[in-house]
Amino acid sequence: MRPADLISDKLLEPLGEGALAFFAYIGGSGMLLFKTFLGLFTLPWGRWLACMVMPWRWKELAADRRWNLIADQMSKVGVDSFPLVFLTALFTGMVLALQSAYQLQKMSAENYIGSLVALSMTRELGPVLTALVVTGRVGAAITAELGTMRVTEQIDALETLGVDSVNYLAVPRMAALLIMLPVLVIYADMVGILGGYIVGVYKLGITSSMYMNMTWDPLRIKDVLTGLFKAAVFATIITGIACHEGFETQGGAEGVGRSTTLSVVISFILIITADCFFTALFYFVFP
Amino acid sequence: MIELINLYKEFGKHPVLRGVNLTIRDGETMVIIGRSGCGKSVLLKHMIGLMKPDEGQVIVDGEEVSRASGETLRRLRLKFGMLFQGAALFDSLTVGENVAFSLREHTPMEEPEIQARIVECLGYVGLSGIEHLKPAELSGGMRKRVGLARALAIKPRVILYDEPTTGVDPIGADAINRLILRLHDRLKVTGVVVTHDMVSATKIADRIAMLHEGRILQVGTVEEIRSTSNPVVRQFILGVSENEEGK
């Protein structure tokens, strides 16, 4: 074999194939995301909101098939995640208080523990930890469910019955997580602060009023809002990747396992990367 | 009428369809036979637009399925009902909800009408009174019949059957064959059946087409296929493997 052939066979060809697969992945998930958001915006949100504020129209809402799909997912991905998020946030808040006490006590600055816990939770740990926990719980479940539907031809069956699979499967999940992840993040923020409070007040001897003052004092509405913005981005990542992996599943039970693993791994990486990017953006560009 | 014109389809570098030409007339039952993995199911999926051909056309009643998308494709698909190999029932829904799925999605029918239609369709496939069960509680043969009831609910003009008798015991298979015959005789629906079960094929077919190496090798009535002189078709309908043929 000539050296030129060697280079083209062993180096360029795999490189090209890898690059093609990479761009096919980006293109595929991008198209799915585009279709999902298109479907999301064509839903009758105005009418649903009107129904929600008028109790005598609740029956109409309860009979709406599209709304029921979303409500069902909101319960599955959101409400059922509360216990897990509670535990994660509570212990993170407690650990945060203890670890900062270890440092701050050396400078007799224990009073700042409250501020440190509040800011770390709302700006960073609340959104990121919640997103990671939800990826493991919800992202994996979505991929496994859609993947199984794909390999048992249920998605094909949907299409043959004249129903758009993206509108029927991806859109409700995206809507549900876009609504519920920010709610979960606010909940995590509060529980985390509670965890810090328990350690700070009952273990480290800071007075309750002092701790609460130090919690609320440095906290700006912007800190919470950037956290919620991140939550929306993470929700898009989790559902987008989970649905794409589910739809693209091939090859029976093994394929479902493989795409579920991939879904969680890719979501984790993208969440951490996006978090770093947006933190930097908020720090340098919109201080 | 369904016309397949010069269809080509490759998966990766593996060609599956290599110039398929076939016309299916209104009201007939066309059985497509061929070895496992020769692309029969792929052919069926092209007819309903689940797969797009690399080249060629699929034309249903003068409209091209292979180029259609969005609303047009959805409208065209409602002419079809499809029975999948593994039934492909939605396992999160009950049997009744499965059967009523397309009615609830596409028709303004009121709940009592829908319930009546569920009972009618399940009665048709001989499974009355199982509306409340989940697909996981049914046997393979029952699932297939529920799949058929789901396909029938919207009164399609064409039904595509992907291996309707595979994985069903002989008596169950016979029940499914009778069902297909009844749909053909009474409701005058066009049937396209993909199978490698020759007993079933000879029982239900108006015409049989043999798919071999990506092309239609021969099309004819049951008698014509039985008395064929084509060695490949003969080998398939007699069910002899290469080795025995060589002896």
Side-chain angles (χ1 to χ4, degrees), chain A residues 13 17 20-21 24 31 34-35 38-39 42 59-60 62-73 75-77 141-142 144-169 171-173 176 246-253 255-256, chain B residues 11-13 41-42 44-45 47-51 65 68-93 97-107 110-111 135-136 143 146-148 150-154 156 158-163:
Chain A
E13 213 168 281
E17 269 169 17
L20 277 180
M31 269 309 287
F34 176 74
K35 276 197 216 162
L38 209 66
T42 50
K59 256 194 183 144
E60 184 188 329
D64 191 314
R65 282 171 65 77
R66 295 280 157 231
W67 170 254
N68 280 337
L69 283 176
I70 296 177
D72 193 37
Q73 288 301 323
S75 156
K76 270 190 200 161
V77 305
I142 291 177
E145 188 182 357
L146 297 193
T148 307
M149 287 186 76
R150 167 61 79 201
V151 300
T152 55
E153 295 186 307
Q154 289 179 51
I155 291 179
D156 283 344
L158 262 184
E159 294 280 345
T160 62
L161 293 170
V163 175
D164 187 278
S165 52
V166 174
N167 273 336
Y168 189 80
L169 297 170
V171 170
R173 285 166 172 79
F247 280 129
E248 297 294 311
T249 301
Q250 282 177 342
V256 175
Chain B
F11 290 113
K13 284 169 186 160
S41 299
V42 172
L44 213 55
K45 285 182 179 171
M47 290 184 201
I48 196 168
L50 283 176
M51 288 182 179
V65 176
S69 61
E71 209 43 56
T72 326
L73 183 59
R74 222 160 296 147
R75 186 173 47 74
L76 277 170
R77 276 175 176 162
L78 292 181
K79 291 184 179 182
F80 290 91
M82 183 158 178
L83 172 59
F84 286 85
Q85 202 169 342
L89 299 179
F90 305 127
D91 41 29
S92 56
L93 306 179
E97 287 167 334
N98 264 286
V99 175
F101 193 85
S102 54
L103 300 175
R104 295 205 169 112
E105 286 292 329
H106 300 293
T107 66
E110 294 294 327
E111 202 46 40
R143 260 182 243 172
V146 172
L148 191 53
R150 181 178 68 182
L152 284 175
I154 199 138
V158 184
I159 300 183
L160 310 176
Y161 306 86
D162 191 358
E163 312 255 2

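Every chain is numbered from 1, with letters handed out A, B, ... down the list of sequences.
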Legend entry - Residue I155(A) versus chain B: region with a heavy atom under 4.5 Å: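 For I155(A), neither part sits under 4.5 Å from chain B.
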
Inset, instruction - Please look at T160(A) and chain B and tell me whether the side chain, the backbone, both or neither of the residue comes under 4.5 angstrom of a heavy atom of that chain. - result: both

Inset, instruction - Show the numbers, then the answer: is there a salt bridge (Lys or Arg N to Asp or Glu O under 4.0 Å) between E145(A) and R173(A)? - result: CA-CA 12 Å; E145(A) 188 182 357; R173(A) 285 166 172 79; 3.1 Å; yes

Inset, instruction - Among the options M82(B), Q85(B), R75(B), R74(B), pick out the one with the most heavy-atom pairs lying under 4.5 Å from chain A. - result: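 Looking at each of M82(B), Q85(B), R75(B), R74(B) in turn, R74(B) comes out on top.
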
Legend entry - Note, L169(A) side chain near M149(A) side chain (heavy atom, < 4.5 Å): yes

Legend entry - salt bridge (charged side-chain N to carboxylate O under 4.0 Å, His left out) partners of residues 80-93 of chain B, not counting sequence neighbours, each pair once: none

Inset, instruction - Kindly determine whether F90(B) and Y168(A) satisfy ring pair (Phe, Tyr, Trp, His ring centres under 6.0 Å), including the steps that lead there. - result: CA-CA 13 Å; F90(B) 305 127; Y168(A) 189 80; 7.2 Å; no

Legend entry - Residue part contacting chain A, namely of L73(B), when any heavy atom lies under 4.5 Å: neither

